[in-house]
Structure formats: C-alpha cells, structure tokens
Amino acid sequence: MAGFGMEKKSESFRSGARALLLFFVAIALMATITSDQAIGSGDSTVWIIPGQGIFFDYSTMGSMERSMYIRQQVANAAMFIPVAISYRFAYPRTSGIVAISVGCALSIAIEFMQWLMKAGRVVDIDDVIVNTCGTVLGVLLYTLANYLVSPQLKSRVRRRSQTRQP
C-alpha cells in the first residue's frame with residue numbers, strides 16, 4: 001500500500017513537470033516565432049557559419065549595441081535552461097544526452113520555422129549553439145541539484161558502475 005502511494009505521488013509530480021515543460025516550450029516558441037511583420041513579407045536571412053555571430057570584433061560596436069547583443073545571447077541560453085530542467089523532471093529515466101538532444105532539436109525546429117515564415121527573422125546557427133548551451137547548463141543544474149539533494153544517488157552511481165564493469 002505504501003509503495004502505491006509513492007508511485008501516485010511520483011506520477012503526479014511527473015505530470016506537473018510535463019505541464020511545466022509544455023509551458024516553457026510555449027514561451028520559447030512565442031519569444032522566437034512571433035514577429036511584427038506579416039508572414040511571407042520579409043526575407044529569409046540565414047547565417048550558417050558557426051561562431052560568426054558570437055566570435056567577432058566587438059570594437060566596431062557601440063557600448064549599447066554590444067550590451068544588447070550580449071543580453072540577447074544570454075537570454076537565448078537562459079530560455080532553454082528551464083526547458084532542460086523540466087524535461088529531466090518530467091522524464092527522469094531518460095539520460096542527460098537525450099534532454100540535450102531534445103533541446104537542440106527544438107532549437108533547430110525554431111530556426112527552421114523562422115526560415116519558413118520569412119517574417120524578418122534571421123535564421124542563425126549561433127542561436128542553435130547558444131540554445132543548446134543553455135540546455136546543457138539546465139541538464140548540469142538538474143544533475144547537480146539531484147546529486148546534492150539525493151543522498152542515495154552516490155550509492156546508485158557506485159552500484160551502476162560496479163555492475164557495468166566486466
């Protein structure tokens with residue numbers, strides 16, 4: 001009987017995490033897909049060279065422009081942190097690599113939708129890189145929190161590594 005109650009609480013928690021995941025994905029989509037221009041009215045600029053928008057000479061920019069650009073990159077990464085954390089809570093049996101792959105795939109899908117819409121958005125491979133870095137950070141934060149909160153995690157990790165050795 002006690003086990004059944006724990007399973008029910010666990011499933012309820014995962015359901016809440018899945019609802020949060022949908023919420024965070026919806027926010028990411030609204031922030032990246034919505035545009036002031038009508039669909040089809042703009043061009044479809046594509047920046048495909050990795051790092052072109054991240055590693056360049058900032059000295060040509062004014063301080064306000066540089067500050068805005070850095071805030072945009074930080075916001076792109078930060079937007080995917082809660083997506084990764086809620087994904088890991090919603091699907092705890094999946095690995096961090098799967099969560100990172102899902103975050104990367106979501107980012108690629110967003111860039112693809114921006115390209116299809118032709119509504120003045122720039123399709124940028126650097127956005128995929130920065131968003132994926134945010135996903136990695138979210139997975140690392142989840143793993144760290146899980147490690148610090150769960151005293152049994154150390155023994156589970158030890159048991160897994162011992163059973164995997166030939």
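Qualifying salt bridge (Lys or Arg N to Asp or Glu O under 4.0 Å) partners for Arg18, counting only residues two or more places apart in sequence or in other chains: Glu11. Taking Phe112 as the reference, Trp115 meet the ring pair (Phe, Tyr, Trp, His ring centres under 6.0 Å) condition, with sequence neighbours excluded.
Between the side chain of Ser86 and the backbone N or O of Pro82, at least one donor-acceptor pair lies under 3.5 Å. Side-chain atoms of Thr94 come within 3.5 Å of backbone N or O of Tyr91 as a donor-acceptor pair.
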Steps toward side chain to side chain contact (heavy atoms under 4.5 Å, CB included) verdict (Val83, Thr135): CA-CA 7 Å; Val83 171; Thr135 305; 6.0 Å; no
Checklist entry - Hey, mind stepping through Val139 and Tyr87 against side chain to side chain contact (heavy atoms under 4.5 Å, CB included) and telling me if it holds? => result CA-CA 9 Å; Val139 167; Tyr87 183 88; over 6 Å; no
For this session: Would you please test Ile49 and Ile125 for side chain to side chain contact (heavy atoms under 4.5 Å, CB included) and show each step?
Result: CA-CA 7 Å; Ile49 300 170; Ile125 191 68; 5.9 Å; no
Given the rule in the side chain to side chain contact (heavy atoms under 4.5 Å, CB included) test, do Gln114 and Val122 qualify, once you have shown the distances and angles that lead to the verdict? CA-CA 7 Å; Gln114 288 177 346; Val122 174; over 6 Å; no
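One finds the CG atom of Leu116 at 11.5 Å from the CD atom of Glu111 (value rounded to the nearest 0.5 Å). In this structure, CE in Met68 is found 9.5 Å from CE in Met64, a value given to the nearest 0.5 Å. Note that CZ of Phe89 and CZ of Phe13 are 5.0 Å apart. Values are rounded to the nearest 0.5 Å. With rounding to the nearest 0.5 Å, the separation of CG in Leu140 from SG in Cys133 is 10.5 Å. Separating the OG atom in Ser15 from the CG atom in Leu20 is a distance of 11.5 Å, to the nearest 0.5 Å.
The shortest side-chain heavy-atom distance between Met113 and Leu29 falls under the 4.5 Å cut-off.
Applying side chain to side chain donor-acceptor pair (under 3.5 Å) to Ser107 and the options Asn76, Thr132, Asp127, Asn131 leaves one that passes, Asn131.
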